[in-house]
Amino acid sequence: FRLDQVGKQPWLSSQAVLGWCIIPVVLFMADDYYLFAKGWDLHDHMRAVPRGAYEIKATGQMWSWSYEYPNGASSINELIVPVGKPILLRLSSLDVIHSHYVNKYRITEDAVPGRTSYQWFLPNEEGESVVTCREYCGTAHSEMYGKVKVVSQVEFDKWLIDNAPKASQEQPGESG
């Protein structure tokens, strides 16, 4: 062994060099493309709203969520839904960007002024969970939370009737 001795790198043919470059790249890229395709498929599946979903309009504003139901019933910071029925939320914002996050169902979607977006979930058991805003929207952002209350279909129907806008007692054309 001598200190002035210099080692030599083994010589690789051009085919070996190409093999050592191309084969790992192809393997890693194939894995990436496969994972991308699976992720895209999952994303499409999660964004496909089931038929017969119950649609509710959700509006974010500093610093609360309001929900409007098809019959005109509404609530503030309390989303009331029936168990076992897919729920479709049409999201919008009156002021700044908000993000509607339902923690139990691990779904979030931005509510952007001038744009309507959507999110859906399937409440599979009765109970309550939390709704928060996940996009910083101002000084009271941390106070922008509410709840999702999942109830039986009978209780939900009763709540809808009880909270529907009251029609005028006097019918048009009647005088009293």
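Hydrophobic clustering (ILVMFWY, side-chain heavy atoms < 4.5 Å, transitive): Leu122 and Ile56 are in distinct clusters. Linking ILVMFWY side-chain heavy atoms closer than 4.5 Å, directly or via other members, places Ile97 and Met144 in two distinct hydrophobic clusters.
Of all heavy-atom pairs between His98 and Met62, the closest is NE2-N, 3.9 Å. In terms of heavy atoms, Ser129 sits closest to Tyr105 at OG-CE1, 4.4 Å. Nearest heavy-atom pair across Cys137 and Cys133 is SG-SG, 4.0 Å. Minimum heavy-atom separation, Pro123 to Pro82: CG-O, 3.4 Å. Scanning all heavy atoms of the two residues, the minimum distance from Trp120 to Ala48 falls at NE1-O, 3.3 Å. Residues Ala53 and Leu88 come closest through the heavy atom pair CB-CB, 4.1 Å.
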inquiry  = Assess the residue pair Ser99 and Thr108 against the criterion (side chain to side chain donor-acceptor pair (under 3.5 Å)); give the C-alpha distance rounded to whole Å, side-chain angles, the decisive distance to 0.1 Å, and a yes or no.
reply    = CA-CA 6 Å; Ser99 188; Thr108 188; 2.9 Å; yes
query = Could you walk me through whether Tyr33 and Phe28 pass the ring pair (Phe, Tyr, Trp, His ring centres under 6.0 Å) check?
reply = CA-CA 9 Å; Tyr33 286 133; Phe28 285 122; over 10 Å; no
query = Yes or no on side-chain contact (heavy atoms from CB on, under 4.5 Å) for Tyr118 and Val49, after CA distance, side-chain angles and deciding distance?
reply = CA-CA 9 Å; Tyr118 73 96; Val49 180; 3.6 Å; yes
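Between Tyr69 and Trp159, the ring center distance clears the sub-6.0 Å criterion. Ring centroid separation for the pair Tyr145 and Tyr101 does not come in under the 6.0 Å cut-off.
Using a 4.5 Å cut-off on side-chain heavy atoms (C-beta onward), Lys104 and Glu125 make contact. Under the 4.5 Å side-chain criterion, counting only non-hydrogen atoms from C-beta, Tyr67 is not in contact with Thr59. Residues Val83 and Glu126 meet the side-chain proximity criterion, which asks for heavy atoms closer than 4.5 Å. The side-chain heavy atoms of Trp40 and Leu42, taken from C-beta on, include no pair separated by under 4.5 Å. Here the side chains of Thr116 and Leu91 are not in contact, with every heavy-atom distance at 4.5 Å or above.
Counting heavy atoms of neighbouring residues, nucleotides and ligands inside a 6.0 Å radius, atom NZ of Lys57 does not exceed 12 of them.
Tested against Val148, the residues Val81, Asn103, Ile87, Ile80 include a single side chain to side chain contact (heavy atoms under 4.5 Å, CB included) partner, Val81. Put simply, the residue from His100, Glu109, Arg47 that forms a side-chain hydrogen bond (donor to acceptor under 3.5 Å, both in side chains) with Gln119 is His100.
Atom-to-atom distance recorded for Glu155:CD and Leu160:CG is 11.5 Å, nearest 0.5 angstrom. Between atom CD of residue Glu78 and atom OG of residue Ser66 there is a gap of 13.5 Å, rounded to the nearest 0.5 Å. Taking CH2 from Trp65 and OG from Ser93, the interatomic distance works out to 7.5 Å, rounded to the nearest 0.5 Å. Note that CG of Leu18 is 10.0 Å distant from CD1 of Ile23, once rounded to the nearest 0.5 Å. Rounded to the nearest 0.5 Å, atoms OH (Tyr54) and CG (Leu89) are 11.5 Å apart.
A donor-acceptor pair under 3.5 Å links the side-chain atoms of Asn71 to the main chain of Ala73, judged by distance alone.
Between the side chains of Asn77 and Ser64, no donor-acceptor pair is found at a separation under 3.5 Å.
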